[in-house]
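Chain letters run A, B, ... following the sequence lines, proteins first, then strands; residues in each count from 1. Note that the coordinates shown come from a computational prediction; the quantities given were computed from them, not determined experimentally.
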Amino acid sequence: MNSNSPRAVLAAEWTKVWTVRSTGYTLLLAFVLSTGIGTLIAFDWRSDIEHVVHFDPLVAALYSMTLGQLALVVLGALLVGSEYSSGSIRTSLTAVPRRGLLYGGKVLAGTLTAFAGSTVIVVVTFLAAQAALGPYRTGLGADGVPSALAGAVVYLTLICAFSMGIATFVRSSAVAMGILLPLLFLGSQGLGNIPALKPVLRYLPDQAGLELMHIAGPSSDGRYGPGYGSGAALAILLAWTAAALISGYLVLRGRDA
Amino acid sequence: MIEVTDLTKRYGNTTAVDGLCFRVRPGLVTGFLGPNGAGKSTTMRMMLGLDRPTAGEVRIGGTPYRQLRDPLRTVGALLDTEAVHPGRTALNHLRCLARSNRIPARRVHEVIELAGLEDAAHRRAGTFSLGMGQRLGIAAALLGEPAVVVLDEPVNGLDPEGVLWIRRLLRDLAAEGRTVLMSSHLMSEAALTVDHLVVIGRGRLLADTGMTAFIDEHTEAGVRVRTPEPERLRDVLAGAGIEVVADCADGSLRAATSAERVGELVAAHAVPVHEVTRTHASLEEAFMRLTADAVEYRSQRPEADLPGTKHPGTEQPGGTHR
């Protein structure tokens, strides 16, 4: 095949990810937000346990991911968008002219980075929050915990990939963040309180994320989570991510650099 | 060898590149010249697979750029300076490029040395001056020891020492048998560096010829004559049917003829003459003349008094098509 070696492209993109300072900073920010908020919530609940409605040690630990995810959105947007803002996309494409190959390498390198970062963040946040919960804590092996933690890692990883797809689609990190941060932060948490919008909003990525992390609220109570279960949540998230990545690819393939 | 065949690029109703056909041969420095907006950069981007042609194609050593295996090993390119992530160090920028094209790591250090960037290798590219950015771009272009080198305005932003460096470098690359194409809008610079010219205007080929042939074809020999009696000299020249091209500030005249002819005429008419100088036509003059009709953005001032310059419009653009 007359093109670059896929392995070489992945190695180059991996090097690119780790030779800019923003990667370390955004992962650190995600870590601090998640563990910090998670631990604070846990302390708060422990000190006032009788006033907590629907106490769930998982929620105490993983609810902070809704903040931590924002840093991973920024990471994904910067990994792609900085190529456009700096003009280095032209250098990258002269080195790897097959656009699908370059894009695949970039998305894979970013996703692997997000996966590694998320794993550390989720496990540390869980352990820190459980330590803070003291007598009310649960363990890593408790019922539902492994799948919730795996769901959190998958969610954070996919959100970063989703962000890379959107940033490629709009060819800008700033525009991508402008779309995604409100969507993920305000969208369902803010607008979700309007009952009329709920049937639509429950399919947004962050709602699927809550479901995947088992923190959408008691499944018996329809007022809280979307209630479609983890399997459907995973499918919905994968669909969102695939749609974003394919849209990004079509723009990259079709437009002049 | 770069082969450009019927290359056309349209943006909506604007045709940036219009049916270009030319070849860039190995062993020579070929200048790619044209006024601003002539389509030089667009053509170069299409050579490198960045922009898709509306029609036609470019082949490099017989292969379209996008189908090259590890393209940096075949073609080295310098595009606009700012095509580097500002937060990455020069060394890491080159490492990433080398890795993607399976170029050995030691080559990264070689090009850093070659470009004189040893002291700046660990600095982030965003802190670089224009000239250093240009050196980093050249280092990246030479990373894969390519047989074909394509440089868009390589001397932009370089200090005099850097300009000299580029000039020598391009000559050396051509002497090694590589194909070297450099675009420039600075004719004086091109005149010192290139052997062969490809001139375009409004996206069309105006000339594809050797440097000397180009100047000879598009300028006329001229003479500057200094005399205390310019009025009489003017009459004498006019009587012999010689065009006086310009009056200079010091009272001398420029005429489109040979020094011998002037000498014979002034002797025959006993016109005192203090100085007769042959004026050498430059690439700049030849270029101005050829592209007079094809200049996209022309200043409002009338044509400068260039010796041997006919009035614009007397030469049909494209008259030197091969």
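B:Asn101 and A:Ala95 make their closest contact through ND2-O, 3.0 Å (heavy atoms, listed as atom of the first residue, atom of the second, distance). Residues A:Asn4 and B:Ser100 approach most closely at ND2-O, 3.1 Å, considering heavy atoms. When all heavy atoms are compared, the tightest approach of B:Arg99 to A:Ala8 is O-CB, 3.3 Å. Considering all non-hydrogen atoms of both residues, B:Cys96 and A:Thr19 come closest at SG-OG1, 4.2 Å. Nearest heavy-atom pair across A:Thr91 and B:Ala83 is OG1-O, 2.6 Å. The heavy-atom pair separating A:Ser3 from B:Arg69 by the smallest distance is O-CG, 3.6 Å.
Residues B:His85 and A:Lys16 have side chains not in contact (no heavy-atom distance under 4.5 Å, counting atoms from C-beta outward). Contact annotation: the side chain of A:Ser88 never approaches that of B:Val84 to less than 4.5 Å [non-hydrogen atoms, C-beta and beyond].
In this structure, chain B has a heavy atom under 4.5 Å from the side chain of A:Arg99, while its backbone stays farther away.
Judged as a ring-ring contact (aromatic ring centres under 6.0 Å, His included), the pairs with a partner in residues 1-47 of chain B (not counting sequence neighbours) are, in order, B:Phe22-B:Phe32.
Residues of residues 41-57 of chain B lying within less than 4.5 angstrom of chain A, judged on heavy atoms, are B:Arg45, B:Leu48, B:Gly49, B:Leu50, B:Asp51, B:Arg52 in numerical order.
Per-residue counts of heavy-atom pairs under 4.5 Å with chain B were compared for A:Pro97, A:Ser92, A:Ser82, A:Ala11; the largest is that of A:Pro97.
At most 12 non-hydrogen atoms from other residues, nucleotides or ligands lie less than 6.0 angstrom from CZ of A:Phe169. More than 12 non-hydrogen atoms from other residues, nucleotides or ligands lie less than 6.0 angstrom from CZ of B:Arg123.
Atom CG in B:Asn92 sits 8.0 Å away from atom OG1 in A:Thr15 (nearest 0.5 Å).
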